[in-house]
*Asks:* 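Before I ask anything, let me first share the structure, which is written out below as structure tokens.
What you are looking at is a predicted structure, and each value in this text was computed from that prediction instead of being measured. When a ligand or atom number is given, it counts from 1 through the structure's own listing order.
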Amino acid sequence: MNDSYLNFVNSPFGARLARSLGLPKPEVLHRYRADQPEFGGMVALGAGREPHLLDALANLVASIGVTSVAHESAGLWVPLANRRGLMTGRFEAAEGGSHGKLAALLFDASGIEDSSQLEPLHGFFHDTLRSLGKCGRIVVLGRPPERCAKPRQWTAQRALEGLTRSLGKEARRGITSNLVYVEHGAESGIEATLRFFLSPRSAYVSGQVVRIGTAGESASSGASGLRHASDASLGSGANDVAGAASPPPGFDWAQPLAGRRAVVTGAARGIGAAIASALAAEGAHVIGIDIPSARDALEATLRQLNGSALAFDIAAPEAPAQIAAALDEQGVDIVVHNAGITKDKTIAKMTAAAWQNVIDINLGAQERIDDALLAAGILRDGGRIVAVSSISGIAGNLGQTNYATSKAGVIGRVQSMAPHLRARGITINAVAPGFIETQMTAKIPLAIREAGRRMNSMSQGGQPVDVAQTIAWLAHPGSAGVTGQIVRVCGQSLIGA
Ligand SMILES: NC(=O)c1ccc[n+]([C@@H]2O[C@H](COP(=O)([O-])OP(=O)(O)OC[C@H]3O[C@@H](n4cnc5c(N)ncnc54)[C@H](O)[C@@H]3O)[C@@H](O)[C@H]2O)c1
């Protein structure tokens with residue numbers, strides 16, 4: 001759907017008018033395009049005391065080919081960074097003029113053990129934030145507080161959330177700010193996640209806290225094998241990364257899902273069609289599912305992607321067995337539970353059928369399909385499950401008791417299943433979209449729709465592709481250490497924040 005206000009205030013006349021009237025001017029977000037370089041420009045690096053993630057950062061900087069500049073006020077950082085070949089310039093070189101704008105600010109706070117050591121965060125962001133360009137990226141790295149042995153360390157690491165979320169709200173201009181907690185032992189598994197948060201792919205993901213752990217058993221024990229695109233013995237050309245290990249030389253970052261099979265429910269239109277397209281663009285064979293009445297649209301979408309279409313109502317009692325039978329022969333690596341409906345009414349006016357229908361499609365069907373695919377081993381070890389929740393499931397919403405119940409249930413499912421799936425190296429995560437421009441949100445009355453669109457740090461709604469790219473990151477072979485997480489794709493919405 002079209003956001004005419006955003007288009008207007010980004011026209012020459014509209015921009016002038018907005019400036020003179022003091023109206024908000026949402027930025028045209030810089031989104032990923034296959035025909036444009038994904039990374040580039042200069043990244044400023046800062047660190048607190050004894051940063052633990054320097055090797056991982058050095059690898060990342062070398063791998064994505066950005067120029068890094070170290071921030072000098074962070075005492076220890078410069079000599080340490082130099083030793084790892086991280087410092088290729090001086091921060092002063094990046095200041096002033098549009099060419100000097102920074103593409104990203106990265107801060108390694110992993111060594112901070114006490115609130116008295118938080119000061120370098122102020123020094124770094126105080127000096128650099130104004131040099132960060134439009135649609136720039138902020139990523140703070142720390143250790144998961146709940147894994148810290150000492151209360152003071154836990155406290156200081158937890159404090160990073162307040163900083164990161166505030167930076168997202170202050171920076172505006174399409175800038176995102178996210179916090180990545182890296183568990184001890186998972187340092188080599190950060191590349192896929194950092195690539196996502198530094199890329200235009202995460203244009204509408206801000207104010208999020210993500211944890212990277214060590215990978216589950218079968219992923220790290222090599223049951224799925226450490227493979228890369230040039231490994232001819234695989235036949236399928238699968239592009240596999242075992243556990244949280246760093247991808248091998250030759251790993252094809254442009255086609256990370258090559259050789260994988262992905263199922264996407266609700267793929268005929270909207271967010272589901274965008275997910276199918278994003279996964280196919282990364283090399284997956286996509287099997288799209290949608291209701292029989294959407295068969296034509298489903299087939300048209302999947303035909304364009306060289307995928308396959310299955311017309312099933314996922315809530316029908318026979319659907320799990322039918323889907324399992326259709327996938328059985330070749331199995332599947334990625335399952336995306338996207339299909340969902342709304343039947344909004346305040347609870348006093350809501351019929352039992354409207355309640356049950358929404359719970360069945362949005363939640364029960366996911367449980368039954370996963371049970372069928374897991375029990376028969378059709379979802380392969382090392383696989384990925386990604387479910388679509390909603391910020392309504394986090395915050396609740398007037399007129400959506402059924403919908404919010406189903407979407408909160410999705411969150412519970414992810415959190416409860418993650419430990420059980422670990423032994424098979426299968427990850428399970430959810431995305432919780434905020435206001436995304438689709439036919440579902442087009443049905444919302446104008447005034448509420450306009451409020452939903454603007455109440456976030458980006459002052460605009462997201463696009464289906466924003467949800468799709470987030471799911472592609474969670475489905476990535478390099479995301480083996482990311483499980484049990486809920487990632488909001490909401491432009492840092494104020495709702496439920
Ligand atoms: N659009 C938003 O702002 C937003 C926000 C939060 C969450 N979500 C969630 O994202 C997902 C996709 O939403 P959307 O906006 O693209 O919606 P949409 O209505 O445009 O698309 C949903 C798709 O799911 C299919 N579907 C519905 N019931 C089905 C069933 N029983 N079996 C098979 N397929 C079925 C529909 O036919 C449709 O193609 C939903 O789970 C929704 O709850 C959307």
*Asks:* How far is atom 19 (O) of ligand 1 from its nearest protein heavy atom, and which residue and atom is that?
*Replies:*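 Answer for atom 19 (O) of ligand 1: Arg269 NH2, 2.7 Å.
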*Asks:* Would Arg211 and Tyr181 count as a cation-pi pair here, with the cationic atom under 6.0 angstrom from the ring centre and within 45° of the axis?
*Replies:*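 Pair Arg211/Tyr181 does not count as cation-pi.
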*Asks:* With a 4.5 Å limit on heavy-atom distance, are the side chains of Val482 and Leu474 in contact?
*Replies:*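 Answer yes - side chains close enough.
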*Asks:* Please list the nearest protein heavy atom to atom 43 (O) of ligand 1 with its residue and the distance rounded to 0.1 Å.
*Replies:*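 It is Tyr403 OH, 2.5 Å.
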*Asks:* Closer than 4.0 Å to some heavy atom of Ala339 - which atoms of ligand 1 meet that?
*Replies:*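 Heavy-atom distances to Ala339 below 4.0 Å select 24 (O), 26 (N), 34 (N), 35 (C), 41 (O).
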*Asks:* Once you restrict to heavy atoms under 4.0 Å, what part of Ile271 touches ligand 1? Side chain, backbone, both or neither.
*Replies:*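 It is both backbone and side chain that touch ligand 1.
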*Asks:* Of the side chain and backbone of Ile341, name the one, both, or neither that has a heavy atom under 4.0 Å from an atom of ligand 1.
*Replies:*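 The answer is the side chain.
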*Asks:* Short N/O distance, under 3.5 Å, between Gly434 and ligand 1?
*Replies:*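 In this structure, Gly434 places an N or O atom under 3.5 Å from an N or O of ligand 1.
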*Asks:* Is the closest N or O pair between Ser390 and ligand 1 shorter than 3.5 Å?
*Replies:*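 The answer is no, given that Ser390 and ligand 1 share no N or O pair closer than 3.5 Å.
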*Asks:* More than 12 non-hydrogen atoms from neighbouring residues, nucleotides or ligands closer than 6.0 Å to CD on Gln304, yes or no?
*Replies:*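 No, CD of Gln304 has 12 or fewer neighbouring heavy atoms, counting only those of other groups under 6.0 Å.
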*Asks:* About how many Å separate CG of Asn362 and OH of Tyr403, when rounded to the nearest 0.5 Å?
*Replies:*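 Spacing of OH (Tyr403) from CG (Asn362) equals 6.5 Å.
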*Asks:* Given that the side chain starts at C-beta and the backbone is N, CA, C, O, which of these parts of Ile291 lies under 4.0 Å from ligand 1, counting heavy atoms, or is it both or neither?
*Replies:*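 The answer is both, backbone and side chain.
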*Asks:* Decide whether the shortest distance between a heavy atom of His337 and an atom of ligand 1 is less than 4.0 Å.
*Replies:*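 No.
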*Asks:* Nearest protein heavy atom to atom 36 (C) of ligand 1, by residue and atom, and its distance?
*Replies:*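 Going by distance alone, atom 36 (C) of ligand 1 is nearest to Asp290 OD1, 3.4 Å.
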*Asks:* Provide the number and element of each atom of ligand 1 under 4.0 Å from a heavy atom of Thr441.
*Replies:*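 Those of ligand 1 that fall under 4.0 Å from Thr441 are 1 (N), 2 (C), 3 (O).
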*Asks:* So is Ala319 close enough to ligand 1, meaning a heavy atom under 4.0 angstrom away?
*Replies:*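 Ala319 does not count as a contact of ligand 1 under the 4.0 Å cut-off.
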*Asks:* Quick one: look up the protein heavy atom nearest atom 22 (C) of ligand 1 and list residue, atom name and how far away it is.
*Replies:*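 Nearest neighbour among protein heavy atoms for atom 22 (C) of ligand 1, to 0.1 Å: Gly340 O, 3.9 Å.
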*Asks:* Using a 4.0 Å cut-off to any heavy atom of Gly270, which atoms of ligand 1 qualify?
*Replies:*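 Within the 4.0 Å cut-off of Gly270, ligand 1 contributes 16 (O).
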*Asks:* Would you check whether Ile314 has a nitrogen or oxygen atom less than 3.5 angstrom from a nitrogen or oxygen atom of ligand 1?
*Replies:*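 Yes; the residue has a nitrogen or oxygen that sits under 3.5 Å from a nitrogen or oxygen of the ligand.
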*Asks:* Looking at Arg158, I want to see if its CZ is surrounded by more than 12 non-hydrogen atoms of other residues, nucleotides or ligands under 6.0 Å.
*Replies:*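 Incorrect, the count does not exceed 12.
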*Asks:* Could you tell me the residue and atom name of the protein heavy atom closest to atom 24 (O) of ligand 1, and the distance to it rounded to 0.1 Å?
*Replies:*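 Going atom by atom, the protein heavy atom closest to atom 24 (O) of ligand 1 ends up being Gly266 CA, 3.4 Å.
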*Asks:* Could you see which bit of Glu437 sits under 4.0 Å from ligand 1, with heavy atoms only: side chain, backbone, both or neither?
*Replies:*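 Under 4.0 Å from ligand 1, Glu437 contributes no heavy atoms.
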*Asks:* Please indicate whether Arg147 has more than 12 foreign heavy atoms, meaning atoms of other residues, nucleotides or ligands, lying under 6.0 Å from its CZ.
*Replies:*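 It does not: Arg147 CZ has 12 such atoms or fewer within range.
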*Asks:* Does atom NZ of Lys134 have more than 12 heavy-atom neighbours, drawn from other residues, nucleotides or ligands, at distances under 6.0 Å?
*Replies:*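 Incorrect, the count does not exceed 12.
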*Asks:* Examine ligand 1 and decide if any of its atoms is less than 4.0 Å from a heavy atom belonging to Ser389.
*Replies:*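 Distance cut 4.0 Å: Ser389 passes for ligand 1.
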*Asks:* Just let me know how Phe312 lines up against ligand 1, side chain, backbone, both or neither, with a heavy-atom cut-off below 4.0 Å.
*Replies:*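 Backbone only.
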*Asks:* Check for me whether Ile361 has a heavy atom closer than 4.0 Å to any atom of ligand 1.
*Replies:*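 Yes; Ile361 lies near enough to ligand 1 that a heavy-atom distance drops under 4.0 Å.
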*Asks:* Looking at Arg424 and Asp381, does any basic side-chain N land under 4.0 Å from a carboxylate oxygen?
*Replies:*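 Between Asp381 and Arg424 there is a salt bridge, with a charged N closer than 4.0 Å to a carboxylate O.
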*Asks:* In terms of residue, atom name and distance, what is the protein heavy atom nearest to atom 3 (O) of ligand 1?
*Replies:*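 Answer, as residue, atom name and distance: Ile436 N, 2.8 Å.
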*Asks:* How are the rings of Trp473 and Phe196 set to each other: parallel, tilted or perpendicular (split at 30° and 60°)?
*Replies:*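 Judged by the thresholds at 30° and 60°, the geometry between Trp473 and Phe196 is parallel.
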*Asks:* Could you check whether Asp3 pairs with Arg454 (Lys NZ or Arg NE/NH1/NH2 to Asp/Glu carboxylate O, under 4.0 Å)?
*Replies:*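 Looking at Asp3 and Arg454, the cut-off is met.
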*Asks:* Does Asp344 pair with Lys443 as a salt bridge, N-O distance under 4.0 Å?
*Replies:*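 Between Lys443 and Asp344 there is no salt bridge, as every charged N stays at least 4.0 Å from the carboxylate O atoms.
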*Asks:* Tell me the protein heavy atom at minimum distance from atom 10 (O) of ligand 1, and give that distance in Å.
*Replies:*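 For this ligand atom, the closest protein heavy atom is Val388 CG1, 3.3 Å.
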*Asks:* Is the closest basic N to carboxylate O distance between Arg260 and Glu282 below 4.0 Å?
*Replies:*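 Salt bridge between Arg260 and Glu282, a charged N being under 4.0 Å from a carboxylate O: no.
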*Asks:* For atom 14 (P) of ligand 1, what's the nearest protein heavy-atom neighbour? Residue, atom name and distance, please.
*Replies:*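 Here the nearest protein heavy atom works out to Thr438 OG1, 3.9 Å.
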*Asks:* Look at ligand 1 and say whether Asp313 reaches it with a heavy atom at a distance under 4.0 Å.
*Replies:*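 Contact present.
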*Asks:* Donor-acceptor check, side chain of Asn456 to backbone of Gln492, threshold 3.5 angstrom: yes or no?
*Replies:*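 It does not hold such a pair.
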*Asks:* Using the side-chain hydrogen bond (donor to acceptor under 3.5 Å, both in side chains) definition, which of the options Gln460, Arg453, Gln463 pairs with Glu437?
*Replies:*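 By the side-chain hydrogen bond (donor to acceptor under 3.5 Å, both in side chains) criterion, Glu437 pairs with just one of Gln460, Arg453, Gln463: Arg453.
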